[in-house]
Asker: 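Below is the structure I would like to discuss, written out as structure tokens.
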Amino acid sequence: MEQYRPDVVVLNACGAELMGLGRLIMGAEDVLNVCEAAPNATIIASHMDAVNHATVTRAELRDFLRKHGKDGHVLIPEDGECLEFSGM
């Protein structure tokens, strides 16, 4: 993050876990860490409410980010929602 300083970062952030293997995909704390590592980037959190082994929902991630003052830093699109970026 520090070296490349991306404008947009897309994260799979559902906190998916498999028994015996642990977490496979980033969770809420990881999203917060990326917010801090890339303070000028637009963060997009995806993959919530999509798989049965997910441990983080959209609502939970929104609440977590709000409690940490980062809710305006992360976009959490709904199923089928398209985000478009130009001029970057």
Side-chain angles (χ1 to χ4, degrees):
M1 294 296 172
E2 186 176 319
Q3 179 179 353
Y4 294 105
R5 297 187 181 154
D7 292 324
V8 178
V9 178
V10 180
L11 306 174
N12 286 339
C14 69
E17 295 182 1
L18 287 178
M19 282 191 351
L21 294 177
R23 196 158 44 115
L24 304 171
I25 296 176
M26 291 181 154
E29 288 282 341
D30 300 304
V31 174
L32 181 61
N33 289 336
V34 172
C35 288
E36 292 169 359
N40 296 316
T42 298
I43 310 295
I44 302 167
S46 68
H47 218 63
M48 277 82 53
D49 306 323
V51 294
N52 62 357
H53 55 284
T55 62
V56 179
T57 66
R58 287 182 183 100
E60 290 167 342
L61 183 58
R62 284 186 190 105
D63 186 50
F64 177 85
L65 293 168
R66 187 175 17 263
K67 288 178 183 175
H68 288 85
K70 299 291 184 184
D71 50 320
H73 193 169
V74 179
L75 302 175
I76 304 172
E78 296 296 327
D79 290 345
E81 182 177 352
C82 294
L83 303 175
E84 190 173 318
F85 300 91
S86 61
M88 297 187 146

Asker: Give, for atom CZ of Arg23 and atom CG of Leu18, the distance between the pair rounded to the nearest 0.5 Å.
Answerer: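 Answer rounded to 0.5 Å: 12.5 Å.
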Asker: State plainly whether one hydrophobic cluster holds both Ile25 and Ile44, where clusters connect Ile, Leu, Val, Met, Phe, Trp and Tyr through side-chain heavy atoms under 4.5 angstrom apart.
Answerer: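 No, no single cluster joins them.
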Asker: Report the distance from atom OG1 of Thr57 to atom CZ of Arg62, rounding to the nearest 0.5 Å.
Answerer: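 One gets 8.5 Å once the value is rounded to the nearest 0.5 Å.
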Asker: Testing the basics here: between Ala13 and Val31, what is the closest heavy-atom pair and its distance to 0.1 Å?
Answerer: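 That closest heavy-atom pairing would be CB-CG2, 3.5 Å.
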Asker: Could you list the residues that satisfy side-chain hydrogen bond (donor to acceptor under 3.5 Å, both in side chains) with Asp63, not counting sequence neighbours?
Answerer: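 Once residues adjacent in sequence are excluded, the partners of Asp63 under the side-chain hydrogen bond (donor to acceptor under 3.5 Å, both in side chains) criterion are Lys67.
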Asker: Taking all atoms of both residues into account, what is the closest heavy-atom pair of Arg58 and Pro77, and its distance?
Answerer: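 The answer is NE-O, 3.0 Å.
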Asker: Would the distance check show the side chain of Arg5 and the main-chain N or O of Ala41 forming a donor-acceptor pair, the cut-off being under 3.5 Å?
Answerer: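 Side chain of Arg5 to backbone of Ala41, a donor-acceptor pair under 3.5 Å: no, none is there.
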Asker: Could you tell me the separation between the CG atom of Leu61 and the CG atom of Leu32, rounded to the nearest 0.5 Å?
Answerer: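 Leu61 CG to Leu32 CG: 10.0 Å, rounded to 0.5 Å.
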Asker: Does the side chain to side chain contact (heavy atoms under 4.5 Å, CB included) test come out yes or no for Ser46 and Asn12, once each step is laid out?
Answerer: CA-CA 5 Å; Ser46 68; Asn12 286 339; 3.2 Å; yes
Asker: Consider only side-chain heavy atoms of I, L, V, M, F, W and Y, link residues closer than 4.5 Å, and tell whether Val8 and Leu83 are in one cluster.
Answerer: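 Same cluster: Val8 reaches Leu83 through Ile, Leu, Val, Met, Phe, Trp or Tyr contacts under 4.5 Å.
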Asker: To the nearest 0.5 angstrom, please state how far the SG atom of Cys35 sits from the NE2 atom of His73.
Answerer: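 It comes to 5.0 Å.
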Asker: Nearest 0.5 Å please: distance from the CD atom of Glu60 over to the CD1 atom of Ile76.
Answerer: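 The CD atom of Glu60 sits 11.0 Å away from the CD1 atom of Ile76.
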Asker: Applying salt bridge (Lys or Arg N to Asp or Glu O under 4.0 Å), which residue pairs with at least one partner in residues 33-46 are found, sequence neighbours left out?
Answerer: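 For residues 33-46: none.
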Asker: Measure the spacing between NZ of Lys70 and CD1 of Ile43 and express it to the nearest 0.5 Å.
Answerer: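 Answer for the NZ-CD1 pair, Lys70 versus Ile43, is 9.5 Å.
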Asker: Any chain of hydrophobic side-chain contacts (each under 4.5 Å) joining Leu75 to Val9?
Answerer: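 Shared cluster, no.
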